[in-house]
Amino acid sequence: MGAVSFITMIVVLFMALSSGVRSCPPSDRAALLAFKAALHEPYLGIFNSWTGADCCHNWYGVSCDQETRRVADISLRGESEEPIFERAHRTGYMTGYISPAICKLARLSSITIADWKGISGEIPRCITALPFLRIVDLIGNRISGSIPADIGRLHRLTVLNIADNRISGTIPASLANLTSLMHLDLRNNLLSGPIPRNFGSLRMLSRALLSGNRLSGPIPGSVSLIYRLADLDLSRNQLSGLIPESLGKMAVLSTLNLDLNKLSGPIPVSLFSSGISDLNLSRNALQGNIPDAFGPRSYFTALDLSYNNLKGTIPKSLSSASYIGHLDLSHNHLCGKIPLGSPFDHLEASSFVFNDCLCGKPLKPC
């Protein structure tokens with residue numbers, strides 16, 4: 001063998017070995033192909049690129065760790081502005097189920113399988129054994145079954161989004177162990193039972209969106225311990241009992257939606273001198289007077305107290321609020337004269353109708 005031929009063979013062998021080192025492990029590739037086999041995507045051809053030995057190279061929606069070449073992220077969104085969607089002039093539609101084979105991707109950091117509308121089946125129980133998982137985003141499918149009972153094992157999880165599915169059962173108590181969780185979205189499912197009493201253990205949480213379920217029982221007072229919480233939406237459930245006074249003392253809470261529940265008792269005074277700017281307490285069974293507790297710290301883009309059992313007069317201190325954009329006090333038992341000046345001078349009659357005996361602009365004269 002000549003020197004040139006020998007060198008050529010060495011180079012070819014080296015390239016073969018190095019490409020093998022740099023490509024994803026066969027086990028990861030096999031797991032991805034098993035995951036793909038459980039899904040059917042008829043319109044966009046997003047899986048057409050899932051060919052060849054190296055699943056880290058140009059497989060649509062797959063990303064790998066640069067050092068280990070293990071699959072780190074699966075990101076498949078059915079609504080996107082990427083070229084594959086632009087060319088098809090449509091959003092995605094996919095059927096099938098999420099295969100437990102995904103759990104063989106031991107270094108997986110994020111799973112996003114969102115807005116495909118037709119994916120059914122259950123959340124694979126085995127995902128709770130993926131120690132590096134930070135993001136689970138399964139919004140906008142037809143996934144059923146329950147949230148895995150030991151979801152709390154995912155100590156690195158920062159995002160759990162399973163909104164707009166058909167998930168039933170209760171919120172597992174272990175959810176409160178997700179101490180790194182920042183974004184929780186369980187909206188529009190079939191969840192029932194109570195909000196876990198130790199929900200306040202989620203100290204890193206900034207958004208808790210639980211609306212549109214069948215949750216019952218009280219709002220846990222521990223929620224007020226989540227000092228980073230900015231957005232709390234518990235609307236459209238069957239929650240009962242009192243609104244915790246401590247919710248109005250939370251440092252960064254700006255949106256509080258409790259509408260369409262079975263909450264009763266008085267409105268806590270603290271809610272009107274807090275940092276909350278979007279407050280919806282409508283369609284409950286709240287009683288008593290509207291607290292005369294508004295002041296310069298009261299800034300509301302929207303304040304909705306409609307469809308309750310509130311009585312008495314509209315508090316004059318409402319005029320001292322620094323800003324009130326939308327106000328709805330309709331469908332209560334309020335009486336007396338509607339105060340003059342801001343914010344009342346820009347509100348329509350619909351904000352005050354169906355009370356017992358309110359009068360003055362924009363209603364009939366007193």
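As the structure is a prediction and not an experimental result, all values here were calculated from the model.
- In the displayed structure, Lys104 atom NZ is contacted under 6.0 Å by at most 12 heavy atoms of other residues, nucleotides or ligands.
- Shown here are the ring pair (Phe, Tyr, Trp, His ring centres under 6.0 Å) partners of Phe35, two or more places apart in sequence or in another chain: there are none.
- In this structure, Tyr323 belongs to a hydrophobic cluster whose other members, linked by side-chain heavy atoms under 4.5 Å apart, are Tyr299.
- If you check the side chains of Glu41 and Tyr93, you find no donor sitting under 3.5 Å from an acceptor.
- A cation-pi arrangement is absent between Arg90 and Phe85, since the terminal nitrogen or guanidinium carbon is not both under 6.0 Å from the aromatic centre and inside a 45° cone about the axis.
- The SG atoms of Cys55 and Cys64 do not lie less than 2.5 Å from each other.
- Atom CG of Leu305 sits about 10.0 Å away from atom OG of Ser330, to the nearest 0.5 Å.
- Aromatic ring pairs are classed by plane angle as parallel below 30°, tilted from 30° to 60° and perpendicular above 60°; the pair Phe344 and Phe352 is tilted.
- Cysteines Cys24 and Cys56 are not disulfide-linked, with SG atoms at least 2.5 angstrom from each other.
- Judged purely by distance below 3.5 Å, without hydrogens or angles, the side chains of Asn188 and Arg236 pair a donor atom with an acceptor atom.
- For the side-chain hydrogen bond (donor to acceptor under 3.5 Å, both in side chains) condition, the pairs that include at least one residue of residues 141-152, sequence neighbours left out, are Arg125-Ser146, Thr128-Asp150, Asp150-Arg153.
- Between the side chains of Gln238 and Ser216, no donor N or O sits under 3.5 Å from an acceptor N or O.
- Taken from CZ in Arg187 to CG in Asn189, the straight-line distance is 10.5 Å, to the nearest 0.5 Å.
- Put simply, Tyr307 and Leu258 are part of two different groups of oily side chains (I, L, V, M, F, W, Y) that touch within less than 4.5 Å, one to the next.
- No chain of hydrophobic side-chain contacts below 4.5 Å, direct or via other Ile, Leu, Val, Met, Phe, Trp or Tyr residues, connects Ile135 to Ile162.
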